[in-house]
Number of protein chains: 2
Amino acid sequence: MTYNYKFPHPAVTTDVVIFTIDEDSLKVLLVRRGHGPFEDRWALPGGFVEIDEDLESCALRELAEETGVTGVFLEQLYTFGAPQRDPRERVITVAYYALVPIDRLHPRPASDARDVGWFCCDSLPALAFDHADIVRMAQQRLCAKLQYSTIALQFMPGRFTLGELQRVYEIILGEPLDKRNFRKRLRAYDCLVDTGQQRRNGNHRPARLYTVKEPGAVRIVR
Amino acid sequence: MTYNYKFPHPAVTTDVVIFTIDEDSLKVLLVRRGHGPFEDRWALPGGFVEIDEDLESCALRELAEETGVTGVFLEQLYTFGAPQRDPRERVITVAYYALVPIDRLHPRPASDARDVGWFCCDSLPALAFDHADIVRMAQQRLCAKLQYSTIALQFMPGRFTLGELQRVYEIILGEPLDKRNFRKRLRAYDCLVDTGQQRRNGNHRPARLYTVKEPGAVRIVR
DNA sequence: TAGTTTAGTGTGATTAGGACACGAACCCAT
DNA sequence: ATGGGTTCGTGTCCTAATCACACTAAACTA
C-alpha cells in the first residue's frame, strides 16, 4: 500500500519539549532513538502527524504516550522546516512545549524509544536533528512567558509552599528573587488559595500550603 | 509522474498576512482565488511549499510574487492544521505576517489569482478556508507587538513625520494617544534620525521629517 | 492681518517596581 | 528546659516609569 500524490509532499511531525522542575533544576524529557537516523541519540518525544489528526492532538497523544501526563498546559512553539533537517526525507515539525508538575512524572519508554530520561537544560547531550535549537527556543519562550503570565503555576503539584514556588521562578530565571517582593507580586495576581494546611519540613517554622485557584488557566499579568 | 509514500502525507503551504496602513486604516492584502475550492472567494496570498524550499523562503517568494516587496519584516505567526480546513486533502499551513510601508505597494494579480486588493481589517469579505482566523490572530499579534517593540517603524516610508507615525500607532491600537508622551517615548527608543528636512502640508506649521536609524531592525523595548 | 490648522515642547502627579530587616515557629542538641 | 539553627512570614520607604495636561510656533488662507 502506497499513497500517491501529483506533487511531492513533505512529512509532518510534532515534537514536544516537556519541561519539569526536579532536583533544583529545569529539566526536559528526552527519548533515546531506537532506530532510523540518529539511532541511539537522544531526541525530543514526537512523531508523525496522522492524516486525520489535529496538530495539538498529535502532540498531546505523544505526551500521554511518553509520560502518562494529561491535562497540561500545551502551547505551540514554532514550526521548523529547514529542507535538510531530516536526512531521510523532507520533514517539517511543529514544535510544542508543555510544563508538567513535579509530582506527576511517570515516564516510561514507549514503542520506538529505547530509553527515556530527564536532562538538565544546561547540560544536554548531543541531540538528534535540530532538536537542540528547538529546546533552546522553548527555554527562551518559557523564560519570557514567566515574566508576564502565571505559566509557572503549571509546574506546581497539588499543594505547595510559596518558598517552593519562588524557587521555581529562580531556577528558570537563573537569578535569586526577593522574598517579600515575590510574595507581594503573587498576592496581586490573586491566583492562589491558602489551604489552611501547613507543611512541617525540617527544623524550622512550618510553611503554609497553597493551591492554584484555577488550575490550567494561564493569565497574562503586568 | 506521481510521488509515492508508505504512509499518507499532508500537503504544506505557507500563507502570508501582509499588513499596510492606507487611507487611515489597517489593511491586509487578499487575492481572489482563480480556481479550486472557494473559487472567486478572497484569500490570503500563499501556496504550497516546494520540497527543497525553506518555509520562510516560501513565504518570501510568495510575498515578492504578489507585491514586488522585498526586505521586509517577516515573522512566523502560527501553524494551522485542523484536519478539515481544506476540502481537497489534508493541508497544514504555516502562517507568516509581514508589514509593508505605505509607499512600496505594487500588488499585481499573480498566476493563480484572479484579482488582488487591499481590505480594511475591520470589514473583511468572507474569506476562503480558515483565513479569517489567521488574519484575526495576526492582528492580535501585531497589536501586542506594537506595545513592546519598534515593529511599527516597518510601516513607515523613507521619510515621515512624527504625526504620521503617531497616527499609525493610533490606527492599530484603535485609540488616540497623547502627543507629548508619544514623542517622549519615541525619543527614548533612540531609533529615529532627524533629516533636517521639513514637509509643508496644508495651511499650518511644517513638520520635521525623520528616517529610521536602522531600517529592518526590530528592537524589543520597555 | 486676523483666523485657522497642525507642529512642537515640559512639568507635576500618580503609580509601579525595587531595596531592605526582623520577629515567629519549629527542630535539635545539650 | 533552654539556646542555637533554620526557614517562614510580614511592611515601609525610595526610586523610576507612566500618565495627564496647555500653550506658543509656523505656515497658509481669506
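We name chains A, B, ... by the order of the sequence lines, and we start the count at 1 in each one.
For A:D115, the salt bridge (charged side-chain N to carboxylate O under 4.0 Å, His left out) test picks out no residue, with sequence neighbours left out. Among residues two or more places apart in sequence or in another chain, the side chain to side chain contact (heavy atoms under 4.5 Å, CB included) test is passed with A:F38 by A:R33, A:R41, A:P87, A:A128, A:F129. When the side chain to side chain contact (heavy atoms under 4.5 Å, CB included) test is applied to B:D24, the partners found at least two apart in sequence or on another chain are B:R167, B:I171.
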Only pairs under 3.5 Å count here: list side-chain donor-acceptor contacts from residues 205-215 of chain B, not counting sequence neighbours, and write none if there are none.
from	atom 1	to	atom 2	distance (Å)
B:R208	NH1	B:D194	OD2	3.2
B:K213	NZ	B:D190	OD1	3.0
B:K213	NZ	B:D190	OD2	3.4

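Across the protein-nucleic acid pair, A:R205 atom CZ and C:dA25 atom P stand 6 Å apart, rounded to whole Å. Whole-Å rounding puts the B:Q166 CD to C:dG8 C1' distance at 12 Å.
Remark: side-chain polar atoms of A:T93 are not paired, donor with acceptor, to backbone N or O of A:F80 under 3.5 angstrom. A donor-acceptor contact shorter than 3.5 Å is absent between the side chain of B:Q76 and the backbone of B:V94. With hydrogens and angles disregarded, a donor-acceptor distance shorter than 3.5 Å links the side chain of B:H131 to the backbone of B:L44.
Annotation: proximity of residues 172-203 of chain A to DNA chain C (heavy atom, distance under 4.0 Å) is found for A:D178, A:R180, A:N181, A:K184, A:R200, A:G202, A:N203, numbered in ascending order.
Taking OH from A:Y78 and OH from A:Y96, the interatomic distance works out to 15.0 Å, rounded to the nearest 0.5 Å.
In summary, contact between chain A and DNA chain D, defined as any nucleotide atom under 4.0 Å from a heavy atom of the protein, begins and ends at D:dG5 to D:dT12 in the 5' to 3' direction.
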